[in-house]
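A note on names: the letters A, B, ... follow the listed sequences, proteins ahead of strands, and every chain is numbered from 1. All values derive from a computational prediction rather than experimental measurement.
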Amino acid sequence: DDNGDENDAQDTEDGQAAADEDEAGGETPSGDQWCSDVSIAAFPGGGQGTPFTNNVHNGYMAAEADLGPDVTYFFSEWSEEQMVAQFREAMALEPDGMAVMGHPGDAAMGPLIDEAYENDIQVTVVNVELPESQEQYAADGTGYVGAPNYDAGKRLAEEAVNRSGAESGEQAFVWGLLAQEGRGQRTQGIVDGFEEAGLEVVYQEIDQATNSDAPAGTPTFTGAMAANPDISIVVTDHGDLTATAQTYMEAAGLQPDDVYFAGFDLNPASVDALDSGYLDLLIDQQPFLQGYLPILQICLTQVYGFSGLFIDTAGAFIDVDNVDAIRGLVEQEIR
Amino acid sequence: MDATEPPVMELRGVSKTFGEVRALSDVDFHVRRGEIVGLLGDNGSGKSTMVKMMMGYHRPDPGGEVWFEGERVQGWSVAKARALGIETVYQERALADLQSVWRNMFMGREPVNRFGLLDIRRMRREAAALMKGHMGFTSGAVHPDNVVQTMSGGEKQGVAITRALFFEARLVVLDEPTMGLSLSETQKTLDFVRSIKEAGRSAVFIDHNVYHVYPVVDRLVLLDRGRIAGEFTPAGITLEQLTDRLRTVARTGRLEG
Amino acid sequence: MDATEPPVMELRGVSKTFGEVRALSDVDFHVRRGEIVGLLGDNGSGKSTMVKMMMGYHRPDPGGEVWFEGERVQGWSVAKARALGIETVYQERALADLQSVWRNMFMGREPVNRFGLLDIRRMRREAAALMKGHMGFTSGAVHPDNVVQTMSGGEKQGVAITRALFFEARLVVLDEPTMGLSLSETQKTLDFVRSIKEAGRSAVFIDHNVYHVYPVVDRLVLLDRGRIAGEFTPAGITLEQLTDRLRTVARTGRLEG
Amino acid sequence: MAKTGIPPREEVAAEAVPRITPRLFLRRHALTTGTIGIAVVMWTIFIVAAPDVFLNSRIYSAFGITTPLWGMMALALTFVVITREMDLSFVSVMALGMVGFVRVHEFTGSVLLAILACLLVGLACGLFNGFLVAVLGIPSLVITLGTMFFFRGIELALLDGTGVPLTDDAFGTLRDVLNGKTAGIPNEFVWMVIIGVLLWVVLNRTRYGAHLFVVGDNVDSARLMGIRVTRVKMTAFGTLGVVAAFSGMVASMQSSYLWPTLGDGSLLLPIAAVFLGGTSVFGGIGTIFGTFLGALMVGSIQAGVISAGISGFYTQLFFGLIIIVSLVMQTLISRRMRS
Amino acid sequence: MAKTGIPPREEVAAEAVPRITPRLFLRRHALTTGTIGIAVVMWTIFIVAAPDVFLNSRIYSAFGITTPLWGMMALALTFVVITREMDLSFVSVMALGMVGFVRVHEFTGSVLLAILACLLVGLACGLFNGFLVAVLGIPSLVITLGTMFFFRGIELALLDGTGVPLTDDAFGTLRDVLNGKTAGIPNEFVWMVIIGVLLWVVLNRTRYGAHLFVVGDNVDSARLMGIRVTRVKMTAFGTLGVVAAFSGMVASMQSSYLWPTLGDGSLLLPIAAVFLGGTSVFGGIGTIFGTFLGALMVGSIQAGVISAGISGFYTQLFFGLIIIVSLVMQTLISRRMRS
Ligand SMILES: Nc1ncnc2c1ncn2[C@@H]1O[C@H](COP(=O)(O)OP(=O)(O)OP(=O)(O)O)[C@@H](O)[C@H]1O
Ligand SMILES: Nc1ncnc2c1ncn2[C@@H]1O[C@H](COP(=O)(O)OP(=O)(O)OP(=O)(O)O)[C@@H](O)[C@H]1O
Ligand SMILES: [Mg+2]
Ligand SMILES: [Mg+2]
């Protein structure tokens with residue numbers, strides 16, 4: 001059953017923080033910006049044109065426009081191998097700093113980050129933590145901008161159980177990415193959250209095709225729902241899949257109220273899904289900030305020598321009641 | 001055949017070069033209405049290249065001209081040539097191995113009904129009739145729905161011949177049609193070449209076996225290393241003389257040893 | 001040739017069925033040392049199928065036996081047959097069109113040097129020698145590095161023949177080898193078939209042209225619709241009688257009309 | 001042309017075609033029979049493994065909605081494959097066509113013009129592929145890999161990487177036509193059947209269809225017999241382009257949103273369907289019906305495996321296993337029937 | 001065998017092979033020349049567009065480390081494609097081989113046995129593909145699509161979807177050998193060159209190599225001439241399997257981590273490299289050197305486009321454009337040289 005809980009204490013930042021950056025887009029860097037001598041290689045994460053990546057990318061570009069550094073972008077389709085390969089290519093450009101996704105994990109990224117620092121390249125981490133490197137190079141400018149994944153997952157699961165009124169023994173369908181090292185932590189958090197609440201978890205890994213093109217997962221969703229008619233909660237640990245909630249539900253022949261659908265990340269399509277009632281709840285991890293702040297942080301380090309910052313962008317729970325406040329920003333892909 | 005009326009098909013000053021190979025050098029050639037012209041020449045002397053040029057498959061090197069019924073043709077193509085009534089038995093047979101006999105038989109000229117849809121029933125029926133009536137194959141594998149791939153060499157050749165001969169064509173070009181045919185099938189083919197003349201149609205006939213060519217042709221053209229090396233009429237030369245000449249030309253490139 | 005010594009190659013009670021087509025029915029056939037056997041028969045009578053069975057390409061239906069030099073062979077394969085010295089000119093030529101002449105010439109039998117590496121220089125040199133010396137092609141496209149695809153029909157056949165004839169083989173099988181060959185090339189091929197006998201080797205010779213077959217063979221086997229329809233020696237039948245018989249058999253399936 | 005001139009002096013009674021025995025029939029249609037056989041077996045296994053799911057119409061309705069999104073392209077891809085070519089770029093054409101749709105709708109406000117623009121863009125993309133392949137003679141597998149990136153790049157650049165909501169009320173009728181239901185059957189599926197029937201007629205009952213086979217079978221023979229090879233191939237690519245654009249329209253109307261990544265995940269499924277349906281990689285052989293069955297099979301495997309209670313990391317294993325077993329059985333069945 | 005018996009009665013002086021004129025040479029190697037030409041042009045453009053980047057050795061060092069990870073597989077894939085087959089499953093074999101490595105190392109503690117296990121798993125996968133294709137006669141493009149999922153599924157099930165860190169000190173030597181540097185050149189690249197040279201020798205200087213060409217060119221002719229077609233094809237697939245497993249080892253040692261998704265993104269790059277290098281989809285034609293060049297080109301396009309200052313949403317567009325332009329130029333150059 002849908003529920004009408006009051007807004008969570010955390011969804012406070014209505015548009016205010018974002019308002020400062022409102023007119024940021026479009027401006028081109030000009031010579032007198034304070035960071036214009038710095039060159040940066042930045043990783044927006046997934047493929048070009050996917051909502052989450054777009055938000056990060058927009059953040060990067062806004063900062064580029066505001067501060068003036070020269071930024072080169074590497075789109076890695078969320079593939080760890082690509083991230084590692086592109087890290088090398090990025091290093092070859094000899095930038096002053098790099099903002100990289102932490103998905104490949106410490107084992108893979110450690111030596112690369114060592115090499116980067118040997119070449120005087122500052123590295124800062126986005127979206128998924130690299131605890132060892134962050135600790136080792138914090139003083140040299142390695143920071144982290146992103147939401148702590150495990151906690152975010154667990155919080156969403158707990159919140160979904162609360163709001164849907166699901167009871168112990170019911171089934172929850174988790175569609176996530178356990179197989180990805182750092183990124184999988186959020187999925188793990190969701191699973192743990194449900195299991196601690198006494199729900200039975202039906203887990204399905206997101207396949208490669210669905211990972212890059214969410215509607216391709218429709219048969220998987222239909223199959224899972226058909227095979228487990230007792231599922232009362234669905235969580236998709238992937239922004240694109242969350243935004244595709246309506247398509248999935250319709251294909252599976254489900255009404256908006258048949259299951260409680262929760263997920264991650266805001267984008268125009270997920271706003272529509274919230275409006276139509278197919279999607280009930282999501283956590284916004286404010287990806288725009290995961291783009292803007294790393295650039296700012298590299299600039300701060302490069303120009304003024306500040307050390308790395310650890311910034312939690314974990315945002316608010318968004319549902320049909322509070323989505324209006326940020327609707328406009330979502331369409332600009334800032335929220 | 002009438003020497004005042006323009007030839008059905010004519011090549012003027014035609015050459016063809018493939019990379020370093022000059023397959024045809026400045027060849028003049030023509031076929032008149034109701035005439036059967038034999039084309040002789042050693043292996044690689046350019047006979048098939050000439051056939052493909054008449055059909056519009058090869059384009060002549062700049063300077064060469066193709067004439068059809070007294071008019072110089074531009075943009076000559078196989079489709080045009082066939083539409084104007086030229087049919088060919090190619091040396092390489094030009095079959096589609098994985099397709100059925102009837103599809104091969106009507107390739108590029110499939111009959112359609114008034115809705116513009118293929119008249120498959122008719123194609124199958126006519127193919128069956130032709131296979132039985134004309135090709136006279138003895139093997140059990142004669143169903144028109146069979147694919148060509150598994151047929152014997154002679155059976156394949158039979159399909160290629162049938163499709164060129166049993167449709168009314170003004171000019172029939174036969175590039176070694178008896179290749180791989182049995183005695184009786186060869187005889188049938190030769191008979192058919194004769195009947196072309198009776199019907200007032202024309203033919204170009206290539207065969208390495210002079211015993212096949214000599215009795216049926218009106219004129220003989222001898223090709224050597226891409227050049228016309230001589231022309232004869234059966235009336236002007238005996239079979240023995242012809243054989244001698246062929247040997248001489250192949251060895252020396254000249255008509256007289 | 002010695003009738004007491006076992007035949008070089010023998011087929012006993014061999015049948016072959018493809019789907020509904022019975023290409024060979026209970027055929028017995030043999031070739032002795034130093035013997036040239038001619039194989040005659042209508043299109044689709046099963047000659048090529050028999051050839052491929054001797055080479056181990058087709059497996060006989062259960063019950064049929066293949067014997068080589070007096071021993072029944074099991075798991076007969078083309079590789080084995082060639083290793084034991086049987087070479088074939090297949091009717092379909094069996095060339096690899098995109099490969100060079102020398103690669104085709106030595107296909108499946110490439111010479112290697114002491115390091116086990118291909119002796120390419122030798123292959124090219126020998127191919128060049130054979131092309132010039134034996135095939136005697138007049139066209140300019142005779143480089144052994146040229147690919148087979150663009151060669152004329154007769155030139156391709158020349159490659160197929162050369163590769164079977166100019167390597168010492170105990171038994172040479174020729175399935176319509178003169179197909180597409182010019183007069184002089186045909187003569188050379190027939191001369192070579194004769195020389196096989198002189199060297200004490202054996203041959204099976206298929207050709208629809210009885211004028212080619214009759215003069216060179218020791219024995220003639222007549223195939224009709226997959227069955228042996230008769231056996232003759234040139235001594236026991238004149239060329240005219242033979243031609244008549246062939247016609248009768250093709251029409252009626254029986255030796256006497 | 002095409003008037004047969006069986007010479008009068010040898011009149012032959014136009015006799016009946018030899019009867020086709022059931023064995024001959026099976027032999028000729030061995031591949032299709034094999035495909036049907038394995039489809040039935042697979043379906044039976046799914047029913048046994050998850051009767052609740054597979055005896056319930058809801059799962060079929062779900063298939064009917066999702067399979068056509070790529071299944072229609074599989075049908076059109078069959079044409080291309082029969083001519084011995086390949087196309088990988090259709091996944092990008094899906095999205096690029098929709099850019100045409102969205103832009104034209106923005107400027108003119110007319111949905112009809114938008115639809116037209118969408119299909120025209122698809123056609124243009126297809127013909128561009130066809131030009132590169134048939135006129136310039138570039139191997140299609142590589143060049144369409146290039147155009148796949150190229151078309152996607154144009155689309156991303158035009159959209160500036162941002163999706164477009166398609167919630168405008170003006171799309172109501174279009175959405176009804178594309179995504180509604182007819183007699184309880186999802187219109188997506190109805191469209192797939194319509195396209196299938198059309199393509200079947202073209203392939204089996206027109207000259208153009210006959211030429212598709214010949215061109216794929218032996219392009220030299222086709223040329224020697226006067227078939228316009230370039231035109232035949234370009235038309236095949238053009239058809240696929242139009243169908244891809246149409247699929248893009250159906251897919252994005254279904255989700256009321258134009259994703260910039262539209263189609264990205266649909267590359268392998270149509271290819272699998274075409275080949276599972278018995279069309280030969282080497283051209284000259286193929287059926288629309290086989291592809292149709294192949295699409296239904298591929299579409300149901302993923303859902304089927306999951307509904308059968310296999311989850312987590314085992315789904316890919318079983319997905320692969322089913323494809324392998326299907327192909328092996330299909331091969332063995334059709335081989336058996338041939339002899 | 002193989003003793004030529006030119007009959008003595010017609011003694012022919014073993015004369016020299018007709019000289020190859022430069023034109024003939026160019027004509028014969030038209031495709032390779034075309035590939036080299038376009039590679040040079042592309043590189044020049046990159047240098048002009050981003051001299052800082054492309055005149056600096058660091059970018060080449062980056063290529064040298066990342067390109068071999070999939071480039072080695074492209075080299076081995078050339079064999080398979082020359083026989084007229086295709087393989088899509090190598091991306092999964094990369095990971096499955098490493099599962100063998102990890103498990104054997106866990107149980108025995110021996111790195112040597114682990115390496116052996118990795119390569120053996122690769123060989124087994126390759127032979128499994130080869131069996132399905134060559135013995136059962138299933139079209140390779142589809143069946144290896146099936147085994148791609150199947151191998152990946154096995155791997156995911158065995159690893160339970162979890163990655164494995166490879167930070168054990170015991171791997172130090174192995175890592176030096178695979179991922180160190182030799183005379184300043186990354187060992188990954190050295191390995192790619194070694195494998196390239198080996199495969200070149202096999203392809204051009206052994207009987208097996210000669211048979212690869214013939215089998216791909218005309219499988220019937222090959223059979224009629226006694227070439228063991230099944231064995232030839234199985235060996236080609238087996239070789240690719242071993243090389244894929246080896247690549248998996250190089251890749252995961254490089255990142256000290258075995259990701260369950262290892263190889264997932266590497267499907268299209270080797271395929272593009274093989275065809276860009278001039279190997280024919282229809283078998284019988286191909287060179288190892290061409291593939292090598294193709295791999296370098298594909299590897300540098302992606303990096304080159306980004307480094308040339310083209311950013312954001314235009315990278316895919318330019319990536320596609322460069323592939324298209326390369327292929328068009330290659331085709332025109334080699335066509336020109338042929339006549
Ligand atoms: N692989 C096959 N599958 C089906 N039928 C076949 C196959 N091979 C041959 N046949 C059929 O078997 C019969 C005998 O064929 P074969 O090639 O042996 O004849 P042939 O005597 O060599 O004829 P020709 O003189 O025309 O070469 C033919 O009817 C042919 O169609
Ligand atoms: N497409 C081509 N490319 C290159 N060379 C060619 C091509 N076609 C023909 N040739 C060459 O041109 C010459 C003439 O070939 P053509 O086929 O016309 O000979 P032909 O007289 O028909 O011989 P045959 O009697 O053997 O059939 C041959 O040397 C052949 O190798
Ligand atoms: Mg010829
Ligand atoms: Mg034969």
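- With sequence neighbours excluded, the residues forming a side chain to side chain contact (heavy atoms under 4.5 Å, CB included) with Asn179(D) are Arg175(D), Glu188(D), Val250(D), Met253(D), Gln254(D), listed by chain and number.
- Against chain D, the residues from residues 268-276 of chain A that qualify, each with a non-hydrogen atom under 4.5 angstrom away, are Pro268(A), Ala269(A), Asp272(A) in number order.
- With a 4.5 angstrom heavy-atom cutoff, Thr210(A) does not touch chain D via any of its atoms.
- For Leu262(D), the part sitting under 4.5 Å from any heavy atom of chain A is the backbone (N, CA, C, O) and nothing else.
- For Thr167(D), the part lying under 4.5 angstrom from a heavy atom of chain A is the side chain only.
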Residue pair Phe313(D), Leu178(A): steps toward the side chain to side chain contact (heavy atoms under 4.5 Å, CB included) verdict: CA-CA 10 Å; Phe313(D) 296 107; Leu178(A) 274 183; 4.1 Å; yes
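- Across Ile59(D) and Ala226(A), no two heavy atoms sit closer than the pair CD1-CB, 4.1 Å.
- Proximity to chain D at a heavy-atom threshold of 4.5 Å picks out Ala243(A), Thr244(A), Thr247(A), Glu250(A), Ala251(A), Ala252(A), Gly253(A), Leu254(A) from residues 243-256 of chain A, in numerical order.
- Rounding to the nearest 0.5 Å gives a distance of 10.0 Å between OG1 of Thr261(D) and CD of Glu77(A).
- Residues satisfying the salt bridge (Lys or Arg N to Asp or Glu O under 4.0 Å) test with Asp324(A), not counting sequence neighbours, are Arg327(A).
- For Ser255(D), the parts sitting under 4.5 Å from any heavy atom of chain A are the backbone and the side chain alike.
- The candidate with the highest count of non-hydrogen atom pairs below 4.5 Å against chain A, out of Ser307(D), Pro260(D), Gly64(D), is Ser307(D).
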Step-by-step side chain to side chain donor-acceptor pair (under 3.5 Å) determination, Gln204(A) to Thr315(D): CA-CA 9 Å; Gln204(A) 184 60 44; Thr315(D) 45; 3.2 Å; yes
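- Between the OG1 atom of Thr222(A) and the OH atom of Tyr60(D) there is a distance of 13.5 Å, given to the nearest 0.5 Å.
- Side-chain contact between Ile65(D) and Thr218(A): absent, with no pair of heavy atoms (C-beta onward) separated by less than 4.5 Å.
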